[in-house]
Amino acid sequence: MKKLLPLLFVIPIFISSAQNTDSLYNEFLRIRGINQNVKPRVEGEIGLPIKCKFGIINQVKTNYNRFSPSQKKIIGSLLLRPIMDTSFVSPRGWFRIHYDKTGYNAPGYDVNEAAKAADSSYNYEVNVLGYPPPPPDNGAGGDNRYDIYIQNEGGNTYGGTTPDELITDSTWAAYTDIDNNFGTNYYTHGINAARVTIAHEFHHAIQIGNYINRYDTDGFYYELTSTSMEEFVYPSVDDYIQYISAYLKNPQQTFNNTNNYYNGYDLAIWNIFLRDRFGDGIIKHTWELMHAERALYTIADAIQQAGSDFKTEFNLFGQWTYFTGVRNNGKHFEEAARYPLINPTENASSITVNSQAVSNNFFKMYYYTNSGKDSVITLITNSNIAGGIASPVSTLPFTYTLSTSLIAGGKKIAENFYSKLEPQSFILSEANILSGNIMSAAIDYPFPQPFKYSINDQIFIPTAKSEDGLVDLYIYSIGMNLVYSSQKRIVASDPAFVIWDGHDNNNNKLGTGVYIYVTKSGDAVKKGKLVIQND
C-alpha cells in the first residue's frame, strides 16, 4: 500500500479568486440563516437541508485570513458560541445542554429527551464501540462537559460541529448545535431528528478531537462515518436513507467525489456494508490510521488487515448495491428493500468505457440465443485508489465483451458464457448477474488458471462456508512442502471462495509449477490443484 507523509495540520483550501472567497462567505451566511436569498453553491438533487454545516465551517476557519476585514468581522461573530438563557447537565453527566426557554430558538421538542439522546450517543459510540470521547474544552460553555446548543437553524441544516480550540497540531475541542424544531423542511422531524443529529455531530467531535481534522481533502469520509453512525446508534430512525439515491444514481463516479453536494452523506451504506462484512472494529481501525495517510488508503489498509482487500470488497459492495428495492433478495443490506435502484447503462454485447478511478460501472449486456434476445448485468469495478486521490481524478478506458461462445483471449464466467475485459489490469474486476443471481460457475475451481504474475494479481479459491466467515488456507508444493498458510475471510458468494495473491509467507513469488491448495472451514475441507506461471 502506498503511503503518504503524515499531515500534521489542517490543510488550507486555496481559493484562487475573490469571487470564490465571496462564494464561500455567502454559503456560510446561508447555512447560518443570515442570507436566505443565496442559493447553495451546488444545487442538491433532493432539495432537503444538507446534513450538517461542519464542512463549511471548516473551510471558513482554514481560509479565514483570505476574507476581507468586513467579512472577518461578521464571520468572527458567527463562530462564537451561542448565548442561551438556560443550560442543564444530561442525566449521565456527559453533556451540558443549552437552550432558550422562549423566543426564536425555543425548542419544539422535549429537551430532556434530547439530553437522553446525547447520553445514548455517548454510551454507544464511546462505551460500546470504543471510540475515545472528545477532549475537554477548558471550561467553555460552563464546564468541561461536551456542549450542545439547541437553536433555530433556519431550515438550512440539521446542525453542525464547530472546531473551537486547537488542542494539538491536528486535533480540536469542539461544540455542537442542532435545530430546535426539525419541522416540515426536514425528512425526519422532532425528537427523532434530534437523536440522529446528535449521533452524527458527536462523532464529528470524536473525529477531530482524537484523530485529525483533514476535512478539506477527505470530507467524504468524515460525513459518511457520521451519517452511518446515525444508523448504528438509532437503527429505527433511518434518516440516512433520504441521501442514498445521490450515490446510487451515479456509482460510475469516483467514490470520494468531493463535488457531490452531499459529500459523503449518500455513502453511509459503505460503512454499513463494512460492518456487516467485518464488524464494527474495522471502522474504528480506519480512523486510527487516518493521521498518517488519506482516507482511501486507510480504508484499504484496514480491509487488508481484516483479511481481505479493497479491490474484492469494493466489487462486492457494488454487487450489494445492485440488489436493492424490488431486486432485494434478503442476502445483502438489511434495509435494501427501501433503497433506490441502480439503473445499468444498456449496451450491445460489447462496450468501450472510460472509467473513473474507484468506481462501479453497471451495464446491461445483451446476448442472443435460439429463443431470442436476453441480457446479463455486468459490473466492472475500477479500484484505482491512487487515481481516486489524484487531481484531476485518473481515468482508465476499458473494453468489455460478453458472448455465449468462446472468445479469443477471453475467459469462461459461467456455463455457456464467456467474457473478455481489456486491458487486463490489476485495478479492474468483474462480476456478472443473470436472472438475479451472481454467475459463479467460474469459481467452482481455482480461477484464473493458470495464474500468471505478469497479468494476474489474485487467485480465487473455492471453499466451504463458515458461520464466522473465516477459513484457513494452506498452499503446498507438489512435494507437500507448506509454502503459504493464513486465515482468510470468505467472499460472500455462492459457492464461497477466498482470495490469495500468489505469494508465499515471506511475500515472495512462487516458481512455475503445480501447487496443492487446502481450505478448512470448521470440519469442512476442500482441496485441489492450481498452476502458477512465473514468467
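Just the heavy atoms: all of them, side chains too, but no hydrogens, waters or symmetry mates, feed the values below. Position 1 is the first residue of the sequence; numbering continues from there.
Side-chain polar atoms of Gln252 and Ser359 form no donor-acceptor pair below 3.5 angstrom. In summary, the side chains of His285 and Gln305 do present a donor paired with an acceptor at a separation below 3.5 Å, with no hydrogens or angles considered. For the 3.5 Å distance criterion, the side chains of Asn58 and Asn213 qualify, holding a donor opposite an acceptor. Between the side chains of Asp301 and Thr298, no donor N or O sits under 3.5 Å from an acceptor N or O.
Here salt bridge (charged side-chain N to carboxylate O under 4.0 Å, His left out) pairs that include residues 337-358, with residues two or more places apart or in two chains, are Asp238-Arg338. For residues 312-321, the salt bridge (charged side-chain N to carboxylate O under 4.0 Å, His left out) pairs, not counting sequence neighbours, are Arg277-Glu313.
Applying the salt bridge (Lys or Arg N to Asp or Glu O under 4.0 Å) test to Lys420 and every residue at least two apart in sequence or in another chain returns Glu422. Residues that satisfy the side-chain hydrogen bond (donor to acceptor under 3.5 Å, both in side chains) test with Ser486, not counting sequence neighbours, are absent from this structure. In terms of the side-chain hydrogen bond (donor to acceptor under 3.5 Å, both in side chains) criterion, Ser375 has no residue partners (sequence neighbours excluded). When the ring-ring contact (aromatic ring centres under 6.0 Å, His included) test is applied to His503, the partners found at least two apart in sequence or on another chain are Tyr453. Checked against ring-ring contact (aromatic ring centres under 6.0 Å, His included), Phe323 has the following partners two or more places apart in sequence or in another chain: His332. Under the rule for a ring-ring contact (aromatic ring centres under 6.0 Å, His included), the partners of Phe333 that lie at least two apart in sequence or sit in another chain are Trp320, Tyr339. Shown here are the ring-ring contact (aromatic ring centres under 6.0 Å, His included) partners of Tyr515, two or more places apart in sequence or in another chain: there are none. Under the rule for a side-chain hydrogen bond (donor to acceptor under 3.5 Å, both in side chains), the partners of Thr352 that lie at least two apart in sequence or sit in another chain are Thr399. For the side-chain hydrogen bond (donor to acceptor under 3.5 Å, both in side chains) test, residues two or more places apart in sequence or in another chain that qualify with Asp239 are Lys51, Tyr158, Thr188, Gln242. In this structure Lys284 satisfies the salt bridge (Lys or Arg N to Asp or Glu O under 4.0 Å) test together with Glu288, sequence neighbours excluded.
With hydrogens and angles ignored, the 3.5 Å screen pairs a side-chain donor or acceptor of Ser355 with a backbone N or O of Leu396. Of the possible polar contacts, one joining the Ser226 side chain to the His200 backbone as a donor-acceptor pair under 3.5 Å is found. Using a distance-only test at 3.5 Å, with no hydrogens or angles considered, no donor-acceptor pair links the side chain of Lys520 to the main chain of Tyr474. Checking side-chain atoms of Asp504 against main-chain N and O of Val483 turns up no donor-acceptor pair under 3.5 Å. Distance alone, capped at 3.5 Å, is enough to place a donor-acceptor pair between the Ser383 side chain and the Ile427 backbone. In this structure, Asn534 contributes its side chain and Leu510 its backbone to a donor-acceptor pair below 3.5 Å. Not one N or O on the side chain of Arg275 forms a donor-acceptor pair closer than 3.5 Å with the backbone of Gly281. Between the side chain of Asn382 and the backbone N or O of Thr395, no donor-acceptor pair lies under 3.5 Å. Side-chain atoms of Thr519 do not come within 3.5 Å of backbone N or O of Leu473 as any donor-acceptor pair. At least one donor-acceptor pair under 3.5 Å links the side chain of Asp266 to the backbone N or O of Tyr247.
Residue Phe255 is tested with Tyr221, Phe310, Trp270 for a ring pair (Phe, Tyr, Trp, His ring centres under 6.0 Å); the sole match is Trp270. For the side chain to side chain donor-acceptor pair (under 3.5 Å) test with Thr161, the passing option among His204, Glu201, Gln207 is Glu201; the others fail.
The aromatic ring centres of Phe54 and Tyr215 sit less than 6.0 Å apart.
Ring geometry for Phe417 versus Tyr367: interplanar angle over 60°, hence perpendicular rather than tilted (30 to 60°).
Taking the ring centre of Tyr322 as origin, the terminal cationic atom of Arg327 falls inside the region bounded by 6.0 Å and 45° from the ring axis.
With salt bridges taken as basic N to acidic carboxylate O contacts below 4.0 Å, one links Glu430 and Lys411.
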Quiz item: Between Thr378 and Asn432, is a side-chain hydrogen bond (donor to acceptor under 3.5 Å, both in side chains) present by the stated rule, with each step listed?
Solution: CA-CA 4 Å; Thr378 293; Asn432 296 280; 2.7 Å; yes
Practice problem: Just do the side-chain hydrogen bond (donor to acceptor under 3.5 Å, both in side chains) check on His203 and Thr225 with the steps written out, would you? | Solution: CA-CA 8 Å; His203 206 269; Thr225 302; 5.7 Å; no
Practice problem: Take Thr404 and Asn416 through the side-chain hydrogen bond (donor to acceptor under 3.5 Å, both in side chains) test and state the conclusion after the steps. | Solution: CA-CA 5 Å; Thr404 55; Asn416 299 322; over 6 Å; no
